[in-house]
Amino acid sequence: MRLALTQLNATLGKVEKNLEKHLVYIEEARSEGAEVIMFPELSLTGYALQDLTPTVSHHASPDDPVFKPLLDASKDIDVIVGFVEEDTRNRFYIASAYLSSGKVAHVHRKVYLPTYGLFDEGRFFALGDEVRAFDTRFGRAGMLICEDFWHASTPYLLWLDGADLFFFLSASPGRGLTSDPQLENVRWVEHINRAYASLFTSYVFHSTRVGFEDGLSFAGGASVFDPNGDMIAVAPYYEERLMLVDADLNQLHRTRSRLPLLRDERTVLVQRELERVLTDQLRDNVR
Amino acid sequence: MKELSLTIDTDLARKVLTGFIKSEITRMGFSRALLGLSGGLDSALSCFLTAEALGPGNVLAIRMPYSGSSQASMDDAQKVIDATGVQSMTVEITEMVDPLFTRFPDMSPLRKGNIMARQRMIVLYDQSVAFNGLVIGTGNKTEILLGYSTVYGDAACAINPMGDLYKTQARQLARAMGVPREIIEKAPTADLWEGQTDESELGYTYAEVDRLLYRLIDQRYTPAECIEDGFSETFVHSVVERVRRNQFKRMMPPIAKLSNRTIGYDFLYLRDWGT
């Protein structure tokens, strides 16, 4: 599978301008033989939207003026984009859509909205309420958005739901300058993505952005980890870039032949113990 | 005492800060910037960063001495101009501020210091129109936290690349960027009167207070934990109180809320809105 990871810099609140950029990158990726192109979180809108949120929302459907050209562009290359979704009852979500063969294959709504430190997502957005894997022409996949994969439960759920390909989209403001050559949050995300690829013997594709929004900087460093937990590609930090990666999907077979963690995962035990833990917690809370 | 390091990766800081300057200046529709150059470390570092971000030809450094300012400060500022290759200008403020000093003969050094700082702001903001550039800030995290600056004076700027670096870290970055050694090593001073130094005025060294602030602010230690770790109780309490008392200098003036949507509370946009 040839994948294009776009490490783009979005214009804050200008969906039309960002859409144009998406279409240019999609065309470039297609001409390079990519079969999937992946954009970062909120790629169509920019990140720190605040009160711009209701003005940049869209529906992932053919009658939407932004999704129409994206769906048209997805006829022979799968496209993963980040956007603000408004539901029929006017709630706004941070969402990602997987477009394939001119159709919307799946939409994920961010289930963990960081509302602490520099983050204020819970103020502007509604919580997504589903974590579901879905089928693609390359195999079963799952999408998560930034804070979603700072929690171990969400990738784990996707894994149990059959995902072998994890598409992680993020727009994480850089923070934590120390004597290390990487910012703390960049180092952290690389650690956990390596861990997910290793623990789930799966592919982790991480697209993230570059650029600035006021004093917030986005470091880039989009990356791919293979089922052995090896980093097979990483984009340069702080540079807008389209990075092509060839992922050998047969590596799933080889790694899992050696390391049958999926085969041995005791889901019934997990279910039983989780039910016990949650029942106990509920009882303690009631008491 | 557990030692927490303020050491930074200077290549990374340099990359982020020059990227920030370039991005924020250009998206506001400018290509040029200017700053006041005192001869001290902070404005020297800010000048080096801005020159690297925009190219030295797009940067104007302005020296604004008062008759009482030291010649050594002027000479040090010149070294920065020479080392970076930025454009430069000298505008003496003596004849602008002396009439006000004469009008109120019993004026304290603090009032005079504030007037000089604000007069320099006026010169900078006036030149920003003439030069078609934006004013770059030179205040570091230590002085912003301690409120060791003049509101609408040296604190005034369009963007500040220095504000998340403690003085100790600014010194480290300055060394890495080639700021002349004598500027890095001399005693920091606002140069508002002869013999003034920041550290004698504050009552502690930057190295000491940075270690404390790094614990309190960045690492979220409680004041009690800092005292347990060996910082003197008086020192900890005076710094905590100073940070609290100066919160007003770090914020836009509060607006009294009347309507459903009030600037500052629920009218929320980044400055980079639409760019």
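Residue numbers begin at 1 in each chain, while the letters A, B, ... track the order of the sequences.
Put simply, OG1 on A:T178 and CD1 on B:I8 are 9.5 Å apart, with the number rounded to the nearest 0.5 Å. Rounded to the nearest 0.5 Å, atoms CD (B:E24) and CD (A:E213) are 9.5 Å apart. The CG atom of A:D214 sits 7.5 Å away from the CZ atom of B:R27 when rounded to the nearest 0.5 Å. How far CD of B:Q172 is from OG of A:S179: 8.5 Å, rounded to the nearest 0.5 Å. Considering CG of B:L270 and CZ of A:F212, their distance stands at 14.0 Å, rounded to 0.5 Å. Atoms NZ and CH2, on A:K14 and B:W273 in that order, are 10.0 Å from each other to the nearest 0.5 Å.
There is no contact between B:D218 and chain A, counting heavy-atom distances below 4.5 Å. Residue A:T11 touches chain B through both its backbone and its side chain, counting heavy-atom pairs closer than 4.5 Å. Residue B:T7 touches chain A through both its backbone and its side chain, counting heavy-atom pairs closer than 4.5 Å. Both the backbone and the side chain of A:L183 have a heavy atom closer than 4.5 Å to some heavy atom of chain B. Using a 4.5 Å cut-off between heavy atoms, A:D180 touches chain B through its backbone atoms (N, CA, C, O) alone. Of the atoms belonging to A:Y238, it is side-chain heavy atoms, and not backbone ones, that fall under 4.5 Å from chain B.
Around the CD1 atom of B:I217, the shell of radius 6.0 Å holds more than 12 heavy atoms that belong to other residues, nucleotides or ligands. Taking a 6.0 Å sphere around CG of A:N90, one finds it holds more than 12 heavy atoms contributed by other residues, nucleotides or ligands. Atom CZ of A:R91 has more than 12 heavy atoms from other residues, nucleotides or ligands within 6.0 Å. Shown here is B:K249, whose NZ atom has more than 12 heavy atoms of other residues, nucleotides or ligands within 6.0 Å.
In this structure, B:L12 and A:Y237 have side chains that are not in contact, with every pair of non-hydrogen atoms separated by 4.5 Å or more. Residues A:L177 and B:Q169 fail the side-chain proximity criterion, which asks for heavy atoms closer than 4.5 Å.
Panel note: side chain A:D51, backbone B:Y269; no donor-acceptor pair is recorded below 3.5 Å.
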A:R123/B:D266 under side chain to side chain contact (heavy atoms under 4.5 Å, CB included): CA gap, chis, key distance, verdict:
CA-CA 11 Å; A:R123 179 189 173 98; B:D266 33 31; 4.1 Å; yes
